[in-house]
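Inspection log for the structure reproduced underneath, given as structure tokens.
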2 protein chains.
Amino acid sequence: MSEVESFFKSAFSVDNVIFGFDGGELKVLLIQRGAAPFRGKWALPGDLVYPNEDLDTAAERVLEQLTGLRGVYLEQVRTFGAVDRHPLGRVITVAYFSLIKISDFTLTPASFAQSARWHTISEVGELAFDHNEILDICLQRLQRKVRNAPVGFELLPEKFTLTELQQLYESVLNLPKNKGLDKRNFRKKILSMNVLVECAEMQEGVAHRPAKLYQFDRERYDQFVAEGYSFDI
Amino acid sequence: MSEVESFFKSAFSVDNVIFGFDGGELKVLLIQRGAAPFRGKWALPGDLVYPNEDLDTAAERVLEQLTGLRGVYLEQVRTFGAVDRHPLGRVITVAYFSLIKISDFTLTPASFAQSARWHTISEVGELAFDHNEILDICLQRLQRKVRNAPVGFELLPEKFTLTELQQLYESVLNLPKNKGLDKRNFRKKILSMNVLVECAEMQEGVAHRPAKLYQFDRERYDQFVAEGYSFDI
DNA sequence: CGGATTTGGTGTAAAAACAACAATAAGCCC
DNA sequence: GGGCTTATTGTTGTTTTTACACCAAATCCG
């Protein structure tokens, strides 16, 4: 223990809250710890930052090693630095959240090794370290962010239906099933922003009337932003 | 240099963007560096975090040592950790901003020693390290925050006029003098929130019609928040 | 003392945004 | 074809936002 203590005299790490959206629900990717402390407990994926590595790079690395994904949405949220947050020494951690299209997620050797698994937010139990607090803060940040920036699309496939988009918002914002958003008003609002383009294709393989597919038009959005527009739901 | 290098092998610091409001303008408190690197350059007040000190505590300490103030508004903003941000080694820094009533500010020995001085935002030149970037990010954060939380009052004296409050918003949000907020609409909006109470006193010593003084009623605000209200300007 | 100067304080009407609400359409399954 | 399931669409009343101009109260100065 004392060697470990000396190694951990003062270090910094990144932890990554990886959100995904599947089956109409917001999920978070957790790993099961294989070593002490908190062996066997679920935790946020994270790692120490290498001496010659930028913080963002470290967060990207953690994400890529676990999911195989690069270039996805990643945002720093806050740094957690309580003196006693790590039982083996002083470790402050910089928390990030990332948004991935869950269908792109592929199991990597690291995800096997760490028994990574998607958890519905509500079914997350007691996590290692202060990871419950970190998850909580990151979720709040996502909830704010999704309302004033078009980041929701990062969680959906390229082409999606308006119903899927609405379910995404209801799930992220944790709105009760019945007391959710009004379908007509939601469509009116999102379409009036002019950042969605209608694809030629329709939904396939469903046992009911197929819906139109839409895509987010980032170029047009960027142009609106340059003109002073601000996304708001 | 090499001893310094070994000391700075890996460390973390806090930097504090201290905002004040005076003469109708938003100001930031900077210090002039007395030692290398960047000797003589203006910089944000900051310090290394002690081994047994929480991050927030370190930020409070930096603030108190420089201004003599405790218990003022303080918020963590972001952590800056580019590998080369500090010329002598790896130092990541956690940026905070704080809001103080500039009239409460008293020069401490530390402020003399560090030649602390208030700078108007627009007249801030090139700062040490990556402090221009930090200042910029913190200012953006303040601009967002001031619109959806009642933090503006932290910059004003206990009792203030509605004109002062409006000037505060215009200054923080950097609105052009003439194309600012509409006086009537601003008053209507802020008063309709019911979080200001009219004092019995009036403004004194002005060479024109004196204005009513108001106070922010935090209790009432907290109660509204508990009921689901959200501040928004 | 009276007029000039300066800032404080107030209301209304038009436009836009928001909220509430339900009936028809299009495909699949049998 | 009939039943099932989800998709799609408009209107109306209410609230919120915006735009806009005049009188009031105090000091200053002649």
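Take A/T120 and apply the side chain to side chain contact (heavy atoms under 4.5 Å, CB included) test, not counting sequence neighbours, and it matches A/E25, A/K27, A/S122, A/E123. Taking the side chain to side chain contact (heavy atoms under 4.5 Å, CB included) definition, one finds that A/Q166 meets it with A/E170, A/L181, A/K183, A/F186, sequence neighbours left out.
The list of side chain to side chain donor-acceptor pair (under 3.5 Å) pairs with a residue in residues 147-159 of chain A, not counting sequence neighbours, reads A/E154-A/R218, A/K159-A/E201. Listed by first then second residue, pairs satisfying ring pair (Phe, Tyr, Trp, His ring centres under 6.0 Å) with a partner in residues 194-213 of chain B number zero, not counting sequence neighbours.
Within the nucleic acid shown, B/T161 has no heavy atom closer than 4.0 Å to any nucleic acid atom. Counting non-hydrogen atoms under 4.0 angstrom, A/K183 reaches a base of the nucleic acid.
Within residues 186-202 of chain A, the residues that place at least one heavy atom under 4.0 Å from DNA chain C are, in residue-number order, A/K188, A/K189.
Protein chain A contacts DNA chain D from D/dT5 to D/dT11, reading 5' to 3' and using non-hydrogen atoms of the protein with a distance under 4.0 Å.
Note: NE2 (A/H208) to P (C/dG27) measures 12 Å, nearest angstrom. Remark: P of C/dT10 and CZ of B/R184 are 12 Å apart, rounded to the nearest angstrom. What separates CG of B/L165 from P of C/dG8 is a distance of 13 Å, to the nearest Å.
Note that CG of A/L162 is 8.0 Å distant from CD1 of A/I190, once rounded to the nearest 0.5 Å. Distance check, rounded to the nearest 0.5 Å: CZ of A/F97 to CG of A/L44 gives 13.5 Å.
The only option from A/V62, A/V77, A/I134, A/D56 that meets the side chain to side chain contact (heavy atoms under 4.5 Å, CB included) definition with A/Y96 turns out to be A/D56.
Of the two residues contacting DNA chain D, namely A/A207 and A/N185, the nearest-nucleotide position lying further toward the 5' end is that of A/A207. In this structure, A/P210 and B/Q203 both approach DNA chain C, and ranking their closest nucleotides by distance from the 5' end singles out B/Q203.
The closest side-chain donor-acceptor pair between B/N194 and B/Y221, if any, does not fall under 3.5 angstrom.
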